[in-house]
Amino acid sequence: MMRYLKLLSTYMRINFKSLAVYDLDFYFAICGMIIQNILNIVALRFIFNLVPRIKGYSFEQLLLTYALATLAWSIFRCFFINTLNIADYIHKGSLDTILIKPVNPLFQLVNERVDEDSWGDLLVALLLLVIVDAHLHNPWYITIMFIFISFFTALIFMSLAILGNTVSLFSNGLSDLAEVTFDFFEMSKYPLAIYSGVLKVIMTFVIPIGWVASIPQERIAQRHEWIWLVIIPLVCLVYFVLVYQLWRLFLKKYQSTGS
């Protein structure tokens, strides 16, 4: 365990130094993501000017779901974004280099890169979460709870990215379903109530993006059911462990591209 903590510290130091090399690009990327999020919020506001409530949800409640989804997504992009690039590693033969090292392959893949754009997302999500909780008169400790939960719900996005990349292990990087994770993020911004019955089941038990924002918003912010502070992280961890075991199984069947 101590060995991996030291490796993590080294990876993080190298990654942040790489961001500092292109400091101007880094700040421009942050500004770009902030502007994009502001435009998304303005679009939501425009919709609610036409329709006061959607499936019983007010603008502030929908904005809270948006903030929770964006916070989990930005944490995923800050620390786990490289799981979307596994197909490239396979196609170029770089995965072979990772597999011969005496370190967990997924640990190496996760920590080899960070996303400079994501820090703008993270800043907006945190600021939006604080503002919306204040508008909804939620106590300050609920905001802290949401931030805590988001570190676990980010694992759902990472699990979906890994799951999408398992196809690449069989096709030598020619097929890649990991990019679908972006579409799942878009779906996670909205409450489960707006989806059909079949989709609700899928988004709760099969592709559990409902746990990213909708369920925390409903169970914790609306109903104050504190047991969900345990249930939600537990579900995220169990789902990640299941996907990780599937990844390990497929990795054993991986055949090198020879490139």
Side-chain angles (χ1 to χ4, degrees), residues 54-57 61-84 86-87 106 109-110 118 121-122 125 129 142 145-169 176-251:
I54 298 177
K55 287 287 185 178
Y57 281 81
Q61 289 172 323
L62 195 62
L63 209 55
L64 178 57
T65 309
Y66 176 95
L68 289 172
T70 304
L71 181 56
W73 177 250
S74 61
I75 292 172
F76 161 73
R77 290 185 62 198
C78 283
F79 303 107
F80 311 127
I81 188 67
N82 212 34
T83 51
L84 291 174
I86 296 175
L106 187 59
L109 287 165
V110 165
S118 57
D121 263 349
L122 185 62
L129 182 61
I142 286 186
M145 290 173 186
F146 281 146
I147 295 172
F148 166 75
I149 285 174
S150 294
F151 282 95
F152 291 93
T153 53
L155 291 176
I156 291 178
F157 289 126
M158 183 170 73
S159 301
L160 293 173
I162 295 170
L163 197 59
N165 272 299
T166 54
V167 179
S168 301
L169 293 173
D176 180 16
L177 297 179
E179 295 297 322
V180 181
T181 310
F182 286 92
D183 299 317
F184 291 144
F185 163 58
E186 293 298 326
M187 294 175 69
S188 71
K189 292 178 182 178
Y190 305 99
L192 286 174
I194 72 170
Y195 296 103
S196 66
V198 175
L199 269 179
K200 283 181 187 176
V201 173
I202 293 173
M203 292 169 65
T204 304
F205 300 107
V206 182
I207 303 171
I209 53 176
W211 294 84
V212 172
S214 181
I215 291 175
Q217 192 267 352
E218 180 183 348
R219 296 292 179 172
I220 296 174
Q222 292 185 22
R223 302 186 185 182
H224 295 170
E225 297 174 353
W226 309 125
I227 187 63
W228 289 88
L229 288 169
V230 177
I231 294 174
I232 293 169
L234 188 60
V235 168
C236 296
L237 287 171
V238 169
Y239 189 72
F240 170 72
V241 169
L242 290 173
V243 170
Y244 176 66
Q245 293 303 320
L246 192 64
W247 156 262
R248 289 184 62 191
L249 179 65
F250 286 0
L251 195 61

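Values in this document were obtained by computation on a predicted structure and should not be read as measured data.
- Minimum interatomic distance between A69 and K189 (heavy atoms only, all atoms of both residues): CB-CA, 3.9 Å.
- Ring geometry, F157 versus W73: the interplanar angle exceeds 60°, so the pair is classed perpendicular (tilted spans 30 to 60°).
- Considering only heavy atoms from C-beta on, L199 comes within 4.5 Å of S196 through its side chain.
- Using a 4.5 Å heavy-atom threshold, the side chains of P216 and W228 count as separate.
- A distance of 15.5 Å separates OG1 in T166 from CZ in R248, rounded to the nearest 0.5 Å.
- Taken from CG in L160 to OG1 in T181, the straight-line distance is 5.5 Å, to the nearest 0.5 Å.
- How far CG of D183 is from CD1 of I207: 10.5 Å, rounded to the nearest 0.5 Å.
- Distance CZ/R219 to CH2/W226: 13.5 Å, rounded to 0.5 Å.
- More than 12 heavy atoms of other residues, nucleotides or ligands sit less than 6.0 Å from atom CZ of F250.
- Of all heavy-atom pairs between Q61 and Y57, the closest is OE1-CA, 3.4 Å.
- Using cut-offs of 30° and 60° for the angle between ring planes, the F76 and F80 rings count as tilted.
- Side-chain atoms of Y239 do not come within 3.5 Å of backbone N or O of L155 as any donor-acceptor pair.
- I232 is not listed as a side-chain neighbour of F152, based on a closest heavy-atom distance of 4.5 Å or more.
- Residues Y190 and T65 form no side-chain contact, since every pair of their non-hydrogen atoms from C-beta on lies 4.5 Å or further apart.
- A distance of 7.0 Å separates CG in L129 from OG in S150, rounded to the nearest 0.5 Å.
- Using a 4.5 Å heavy-atom threshold, the side chains of T153 and L68 count as separate.
- Between the N165 side chain and the A87 main chain, a donor and an acceptor come within less than 3.5 Å of each other.
- Side-chain polar atoms of Q217 and Q222 form a donor-acceptor pair below 3.5 angstrom.
- No donor-acceptor pair under 3.5 Å is formed between the side chain of W247 and the backbone N or O of I162.
- Shortest non-hydrogen contact noted between Y195 and M203 is CE1-CE, 3.5 Å.
- Between the side chain of S214 and the backbone N or O of G210, no donor-acceptor pair lies under 3.5 Å.
- For the pair I231 and E225, the minimum side-chain heavy-atom distance is 4.5 Å or more.
- Using a 4.5 Å cut-off on side-chain heavy atoms (C-beta onward), I149 and I220 make contact.
- Atom CG of L163 is separated from atom CD1 of I156 by 12.5 Å, given to the nearest 0.5 angstrom.
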Handout entry: Chi angles and distances behind the side chain to side chain contact (heavy atoms under 4.5 Å, CB included) call for F79, V110
Key = CA-CA 7 Å; F79 303 107; V110 165; 5.8 Å; no
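- Nearest heavy-atom pair across F240 and S159 is CA-OG, 3.3 Å.
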